[in-house]
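Atom set for the values below is all heavy atoms of this structure, side chains included, hydrogens, waters and symmetry mates excluded. Start at 1 and go down the list; that is how both ligands and their atoms are numbered. A quick note: this is a predicted structure, and the numbers were derived from the prediction, not measured.
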Amino acid sequence: MRFVKGHGTENDFVILPDPDGALDLTPEAVARLCDRRAGIGADGVLRVVRTKAADLGADLGADLGSGAEWFMDYRNADGSVAEMCGNGMRVFARYLVDAGLAAPGEWDVATRAGLRRVSLGASGDVSVDMGPPELLGYGEASLAGTAFQGRRVSVGNPHLACRVDGPVDALDLSHAPGFDPAVFPDGVNVEFFRSVGERHVEMRVYERGSGETRSCGTGTVAVAAAAAQGAPGTSEWTVDVPGGRVTVTLDGRTSHLRGPAVLVAEGETRPDWI
Ligand SMILES: N[C@@H](CCC[C@H](N)C(=O)O)C(=O)O
């Protein structure tokens, strides 16, 4: 199995080129690939498959079929499927251009959350139209016995963005935050953020299906939306994460995520291993 390794602000991925949809990618295989000691190691897998070759089911297939040549089949490190991955989308787009499968410019990519438009040059940062973040109300998470209130936000996938007063470095994210499964029946990505300047926040995240990661693109959009609290007009947010910095723009109609996407290695898994 050929693979490429890449990351977006150190949210890292194993990229599996599978244009014709020939791979039978089981949750177990994904978890083995992502294993940081016994595998390649990553927060998730990006399977690169032509939309017409992806097994999307009737509803999603009809929605996405004509809109985009490529489908981003994103999986979390534990093998679970997620609707969307913002950092993964930047890395996915960079891979397509690098591999000569798409030209620099602007085009749509299909995801389980719908079409997402990317914009990129031959090198440099990648920008993604992430769609409108939906502020859904309030929720609560707990960490080592302490309760944190937050905003529930959908960015295609579920988030709880919790504002904290002290530095996010001080939080212990070695264990999964607790949450009410009645409020989050599909699980949730939990962000902790603090304001460090005007429209400037720092954030850490505990991702559903992957644990603490060094960045989460959909999470940065959720945090910007929670911090902006539905204020009208356009605002640009700087979001610092342990793995670097991204920019989120909100304009009331949609959101854009801009940041780096880096390909670091490529290779072949051994047939007797996977
Ligand atoms: N790291 C991603 C989000 C990946 C999916 C998430 N763990 C979920 O299960 O919803 C990002 O950059 O957005």
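With sequence neighbours left out, the side-chain contact (heavy atoms from CB on, under 4.5 Å) criterion links Arg37 to Asp35. Residues passing the ring-ring contact (aromatic ring centres under 6.0 Å, His included) test with Tyr95, sequence neighbours excluded: none.
Side-chain atoms of Ser215 and Asn87 form a donor-acceptor pair, as typed in the model, at a separation below 3.5 Å.
At a 4.0 Å heavy-atom cut-off, the residues surrounding ligand 1 are Asn11, Tyr74, Asn76, Ala82, Met84, Cys85, Gly86, Asn87, Asn157, Asn189, Glu207, Arg208, Cys216, Gly217, Thr218, listed by chain and number.
A salt bridge between Asp18 and Arg2 is absent, with no side-chain N of the basic residue lying under 4.0 Å from a carboxylate O of the acidic one. A salt bridge between Asp129 and Arg117 is absent, with no side-chain N of the basic residue lying under 4.0 Å from a carboxylate O of the acidic one.
Residues in residues 128-178 take part in these ring-ring contact (aromatic ring centres under 6.0 Å, His included) pairs, two or more places apart or across chains: Phe148-Phe192.
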